[in-house]
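So you know, we letter chains A, B, ... as the sequences are listed, proteins then strands, and number each from 1. This one's a predicted model, so the numbers in the text were calculated from it and none came from an experiment.
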Number of protein chains: 4
Amino acid sequence: MPTTQQKVAIKAGGPLPRRPGVGRGAKVRAAVLAATLAELTQVGYADLSVEGVAQRAGVHKTTVYRRWPDRQTLVAEALTDSVARDVPVPDTGSLEGDLRTFARSLVGWLTSPPGEAIFATLIAASRVPEIAPIKRALFEDRFRRHEPLVTRAIARGELPHGTDPAEVIKTVIAPIYLRLLITAEPINAATADAAAAVALAAARAGVLRPPHARPAGEDQPTGNQRRR
Amino acid sequence: MPTTQQKVAIKAGGPLPRRPGVGRGAKVRAAVLAATLAELTQVGYADLSVEGVAQRAGVHKTTVYRRWPDRQTLVAEALTDSVARDVPVPDTGSLEGDLRTFARSLVGWLTSPPGEAIFATLIAASRVPEIAPIKRALFEDRFRRHEPLVTRAIARGELPHGTDPAEVIKTVIAPIYLRLLITAEPINAATADAAAAVALAAARAGVLRPPHARPAGEDQPTGNQRRR
Amino acid sequence: MPTTQQKVAIKAGGPLPRRPGVGRGAKVRAAVLAATLAELTQVGYADLSVEGVAQRAGVHKTTVYRRWPDRQTLVAEALTDSVARDVPVPDTGSLEGDLRTFARSLVGWLTSPPGEAIFATLIAASRVPEIAPIKRALFEDRFRRHEPLVTRAIARGELPHGTDPAEVIKTVIAPIYLRLLITAEPINAATADAAAAVALAAARAGVLRPPHARPAGEDQPTGNQRRR
Amino acid sequence: MPTTQQKVAIKAGGPLPRRPGVGRGAKVRAAVLAATLAELTQVGYADLSVEGVAQRAGVHKTTVYRRWPDRQTLVAEALTDSVARDVPVPDTGSLEGDLRTFARSLVGWLTSPPGEAIFATLIAASRVPEIAPIKRALFEDRFRRHEPLVTRAIARGELPHGTDPAEVIKTVIAPIYLRLLITAEPINAATADAAAAVALAAARAGVLRPPHARPAGEDQPTGNQRRR
DNA sequence: GACTAAACGAGACGGTACGTCGAGTCTTTGT
DNA sequence: ACAAAGACTCGACGTACCGTCTCGTTTAGTC
């Protein structure tokens, strides 16, 4: 509908269109997003219904649809909104300490109710166009923010030159996510410590170099590709 | 639309073979399960509808419901039915060769269309009671079947005593699944080789012992549990 | 969906597809149409809702939508279904008797609850594409069926040759509808008799000839057409 | 969409003139009522929406609701406002001339765009409490104002004493409305002349006396009242 | 080689949720 | 202080798919 846009264009530069973050609208927005997260936690993404969210938020269904065009967008915004609280970047002085602290923080987030709900949704809705970029952004940001942790260790001489920081971080988190997603084993501080130890050993052994710097076996056939 | 054609094909097949023991039911069952897998591949678990499956199978909706009480059970059986084809257990003589072969086989299965669909469904439907045990069975079986691979290496003296075979296998597969589920990076033979190398290094460093045999840090608070 | 049609084509000539008028379907159909008429009577066409009809019929909303694509079609079918009961064509021997009997029958129908509801709906929904043809059919049929009444009178010499039967009938009914639609005066047997008397007088005076046979004033400007 | 343009036009008028007595309110009122009539003409009463009217008038929806409590009242006022222009009362010297002129005037009004819209709305919304009195007022006024036309004819000896003026007028207009509402035949000057001729003949025949002055047949059963 | 029981085709049904539209009310803001 | 502009509640729209039911029609394996 061009009406609003044209109005904005006409009034642009004049009186403020509307300050966000105040008024009834902000309350409604917050209530709905909170209700969305709560529904995600309880029934999961697949069984989340807009009507359920609206009811829980004490708001009418059409009000939800006025702000968010569909279920995906609503969930996406709810996730984005609560992804701010992230795991901190540690600096303990030693790589081992840093990795353990990082791993434990991650486990702590993943086992907290909101973290669990957010993560499960991110995984379950990977195909949804509105959700996928959020997932990518969340994890890429996490990788990038924790790379200095490895860089410092290389500078301190704890790791060989040529070690890929991203690979180290991935090696830390991989077994944690494996247990969460595949084996459904419980994860706790011990899991975190073990993951950190593995990554440390591999890094010290010099096998965590960038992908393109590896010697052999690139792009060889994997052996059991299936027809069809 | 293939519906009519399939029906015609069936009816045009002349006098039915009348083989004793295999009735009409077997054909229907196979057609529906195949259609279910096809739908999983194309639209995914979330958007799979019984009506869509029935139509694709050239079968009426009620026929599907007669055999499978609901969507979950149908999908579960379709998955179980096609999970038989699994990755083989290698025996190359060296641990490094075994791990590489195993990792490449896994990557091959995960990147094949049916493997991709099955795996995605298993992940997406983790909460569904009918699906979860299938997932568990699939992966536990895989771990168990590949453990000898590590046991042999310990016997050969390639790895220290006390190394946990399951942990080694998990360390191999963890980065592969990480890329598949979290970072959405492409996976190929190089990914497989790198994963095998990391696991090998960690195992040799002696950090892949059973969880309960580790010294410290168990059950310590992880630091940022959230209230709620 | 071509499936059904093709199947029917294949089976054509074989066993009866499905006997209409029996089974649960017929009951539902009757209940919904009756409920529709009842709603028309009570709240009128404008405020008739499919949900209300469904509820009154003791049937679910989606069931209504399965049979009738929208409100208009539903109402149209309800009207068609109950329009069968029409006013009878009298034959008393004299034109005066015939016209009076006809007029009284019409008044009787118009003042009966179903007649009232049907008529009101037909008028109110004149613009609706599904309803308009029903209205036209109902009234045209009524005119045609009653024309013999006038033809006989001409043959008996009660009316001058050249009298237009349709015009006579229209002259009878016109004041009745006027009171119903415009002046909202009560209509009863006296109204009917007066209408018959007027038509009789006009017909005998020879002013009810076909439109094209009239002498003067055709197509002259009407004098206060408005601009715009 | 003219919305923005109209707004621009209004705002581009510079500082409001501020003539005392006629404020902005009067302009808004006129614009909204005009828009209402225009909407009635184009989409009809049933599909008229307050939002549509507001948009067409270049005014906010709530502005409409501030002045008119609901749709009915708004339409009622729009109609009342434009009903002033009525058909004139003729005086040609002869009853025949008077009736013809009156009938032609009426036809002229009914076939003009505003007349058509107003009339259709009046009919379609007969049940609406706010609209019904307007209809009654319009037509009663019309009858009353034209009765002298008959009274004069009686005085001139053109019609028998005891002729009911209102009945004569009704007899003129009845066939016109019949064609408009029931048979959907085109109406024009010929229709008007025919209607006048019929009324004249009936009046001369003495059948247009007051209802209570008729001899027989009052309140007799009409013969086909329906149960239910 | 006919007969019966199981399975299938067909279609309607109650039900839940979808995403949309418009009516009419209430709250916030600008002047 | 008041009117313009949103944003809200509410009810209904028409749609898709779920899982259930009943009825008739095939088909399979037995007597």
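Nearest heavy atom pair, residue Gln42(D) against residue Arg127(C), reads O-NH1, 3.9 Å. Between Ala132(C) and Ser126(C), the shortest heavy-atom distance links the atoms CB-O, 3.5 Å.
Nucleotide dG22(E) holds its P atom 11 Å from the CD atom of Glu39(D), rounded to whole Å. Computed from coordinates, the Arg29(A) CZ to dC8(F) C1' distance equals 17 Å when rounded to whole Å. Atom OH in Tyr45(D) sits about 16 Å away from atom P in dG22(E), given to the nearest Å. As rounded to whole Å, 15 Å separates atom C1' of dC18(F) from atom CG of Asp47(B). For His60(D) and dA5(F), the NE2 to C1' distance is 5 Å, given to the nearest whole Å. Separating the CD atom of Gln55(C) from the C1' atom of dA12(F) is a distance of 12 Å, rounded to the nearest angstrom.
Remark: Thr63(C) is not in phosphate contact with dA12(E), judged by side-chain N or O atoms under 4.0 Å from OP1 or OP2. A close approach under 4.0 Å does not occur between any side-chain nitrogen or oxygen of Arg67(B) and OP1 or OP2 of dA7(E).
Among the candidates Leu48(B), Asp81(B), Val64(B), the single residue satisfying the side-chain contact (heavy atoms from CB on, under 4.5 Å) test with Thr36(B) is Leu48(B). Tested against Thr63(A), the residues Arg66(A), His60(A), Arg67(A) include a single side chain to side chain donor-acceptor pair (under 3.5 Å) partner, Arg66(A).
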Tabulate protein N/O versus nucleotide N/O from nucleotides 13-17 of chain F, keeping only pairs under 3.5 Å, one per line.
residue : atom : partner  : partner atom : Å
dC13(F) : OP1  : Val50(C) : N            : 2.7
dC13(F) : OP2  : Val50(C) : N            : 3.4
dC13(F) : OP2  : Glu51(C) : N            : 3.1
dG14(F) : OP2  : Tyr65(C) : OH           : 2.5
dG14(F) : N7   : Lys61(C) : NZ           : 3.3
dG14(F) : O6   : Lys61(C) : NZ           : 2.9

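Two residues are said to be in side-chain contact when any heavy atoms from C-beta on lie closer than 4.5 Å; Tyr65(A) and Arg71(A) fail this criterion. Looking at heavy atoms from C-beta onward, Val128(A) lies out of side-chain contact with Val75(A) at the 4.5 angstrom threshold.
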